[in-house]
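Below is one structure, written out as structure tokens, with a few remarks after it.
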Amino acid sequence: MRGRAEPIRLVFHFLGVDFEDYRMNKEDFTGAMKEKAPMRQLPFVEIDGGKTTLCQTVSICRYLAKSIQPDRWFGGATKTDSAKVDMMADGFADLFNLSAMAKYADESIKEIAMENYKKSIGPKLEIMQDLLKKSKGEYFVGKSIHWCDVYILGILQALDEGDDGIFENLPELRSYYVRMRNLPELKEYIDTNWPETKYTE
């Protein structure tokens, strides 16, 4: 599956920001590189030559949304919208963690972890689909795209890549996923870096 840094890349690309995308193998994350990371984990970003260093995917995406082109209200135009944006991102972060814990579980508990994932993921995605339908727009928080939508795209892609047919019985969520994959701001990056999806509508 795509890693936890992928939603951050998507936010950068959506906002048209040039950035250095430094990727490494797990065994390379040692010494001085690891010391740079605030919580000694990946991903993290360095801003303005290291004057600001942040970790945690959701926190980074939220910071970028509020700091880059703040007049477009990418983080939400009101306190209520901003809270809803955070809510949706945190909710999908839980789904990513559920999937990752099953996929990378130790062999001694992998079967149980996968059973829990298979039992839980469908109903949880149905809840998310209901929230999308209730938002009264094409996105999860109303009629305007917010950073949570770009973040959610990264999570949906990870689920799609790791679980064939996961959106078969989720027509509204599937349509949203396909529409987001084809956003003009992201399409070139996605077509170049992501595997194709079986879904077309």
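Only this structure's heavy atoms are used, side chains among them; waters, hydrogens and symmetry mates stay out. On a predicted model such as this, the values are computed, not experimentally measured, just so you know.
- The backbone N or O of Lys103 sits less than 3.5 Å from a side-chain atom of Lys110, completing a donor-acceptor pair.
- Taking 4.5 Å as the limit, every side-chain heavy atom of Phe44 sits out of range of all side-chain heavy atoms of Leu54.
- Within the 4.5 Å cutoff, the side chain of Asp149 has heavy atoms near those of the Tyr176 side chain.
- Residue Asn97 qualifies as enclosed at atom CG: its count of foreign heavy atoms under 6.0 Å is above 12.
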Step by step, work out the salt bridge (Lys or Arg N to Asp or Glu O under 4.0 Å) result for Arg181 and Asp191. CA-CA 9 Å; Arg181 282 184 68 117; Asp191 288 348; 5.7 Å; no

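- Side chain of Gln129 to main chain of Glu172: a donor-acceptor pair is present (N/O by atom type, distance under 3.5 Å, no hydrogens or angles).
- If you take CZ on Phe14 and CD on Glu185, they are separated by 4.0 Å, rounding to the nearest 0.5 Å.
- Of the charged side-chain nitrogens involved, at least one lies within less than 4.0 Å of a carboxylate oxygen, so that Glu35 and Arg40 count as a salt-bridged pair.
- One N or O on the side chain of Thr57 and one on the backbone of Arg4 form a donor-acceptor pair closer than 3.5 Å.
- Contact between Glu168 and Tyr199 at its shortest, heavy atoms only, is N-OH, 3.8 Å.
- Sorted by first and then second residue, the side-chain hydrogen bond (donor to acceptor under 3.5 Å, both in side chains) pairs with a member in residues 75-95 read Arg62-Asp86; sequence neighbours excluded.
- Here Leu183 contributes atom CG and His13 contributes atom NE2; the two are 13.5 Å apart, rounded to the nearest 0.5 Å.
- Counted within 6.0 Å of CD on Glu27, heavy atoms from surrounding residues, nucleotides or ligands total more than 12; the atom is thus considered enclosed.
- The side-chain heavy atoms of Lys119 and Glu115, taken from C-beta on, include no pair separated by under 4.5 Å.
- Taking each heavy atom of Thr53 and Gly50 in turn, the nearest pair found is OG1-O, 3.8 Å.
- The environment of CE in Met39 is sparse: at most 12 heavy-atom neighbours from other residues, nucleotides or ligands sit within 6.0 Å.
- In this structure, Ser135 contributes its side chain and Leu132 its backbone to a donor-acceptor pair below 3.5 Å.
- The CG atom of Asn193 sits 8.5 Å away from the CG atom of Asp21 when rounded to the nearest 0.5 Å.
- Between Met33 and Tyr22, the shortest heavy-atom distance links the atoms CE-CE2, 3.6 Å.
- Between Ile152 atom CD1 and Leu10 atom CG the span is 12.0 Å, to the nearest 0.5 Å.
- Seen from the ring of Tyr177, Arg174 does not count as a face-on cation partner, given the 6.0 Å and 45° thresholds.
- Taking every heavy atom of both residues into account, Ala5 and Pro43 meet most closely at CB-CB, 3.7 Å.
- Within a 6.0 Å radius of CD in Gln69, more than 12 heavy atoms belonging to other residues, nucleotides or ligands are found.
- Rounding to the nearest 0.5 angstrom, the gap separating the OG atom in Ser175 from the CZ atom in Phe167 is 12.0 Å.
- Salt-bridge check for Glu6 with Arg9: passed, with a basic side-chain N closer than 4.0 Å to an acidic carboxylate O.
- Of all heavy-atom pairs between Leu64 and Ile8, the closest is CD1-CG2, 4.1 Å.
- More than 12 heavy-atom neighbours from other residues, nucleotides or ligands sit within 6.0 angstrom of NZ on Lys133.
- A salt bridge does not link Asp160 with Lys198: every distance from a Lys NZ or Arg NE/NH1/NH2 to an Asp or Glu carboxylate oxygen is 4.0 Å or more.
- Closest approach of Gly76 to His146, counting heavy atoms only: N-CD2, 3.5 Å.
- Atom CE of Met101 is surrounded by 12 or fewer heavy atoms from other residues, nucleotides or ligands within 6.0 Å.
- Rounded to the nearest 0.5 Å, atoms OG (Ser144) and OH (Tyr139) are 8.5 Å apart.
- Taking a 6.0 Å sphere around CD1 of Ile47, one finds it holds more than 12 heavy atoms contributed by other residues, nucleotides or ligands.
- No more than 12 heavy atoms of other residues, nucleotides or ligands shown are found within 6.0 angstrom of CG on Asp18.
- Looking only at side-chain heavy atoms (C-beta outward), Glu138 and Ile145 stay at 4.5 Å or farther from each other.
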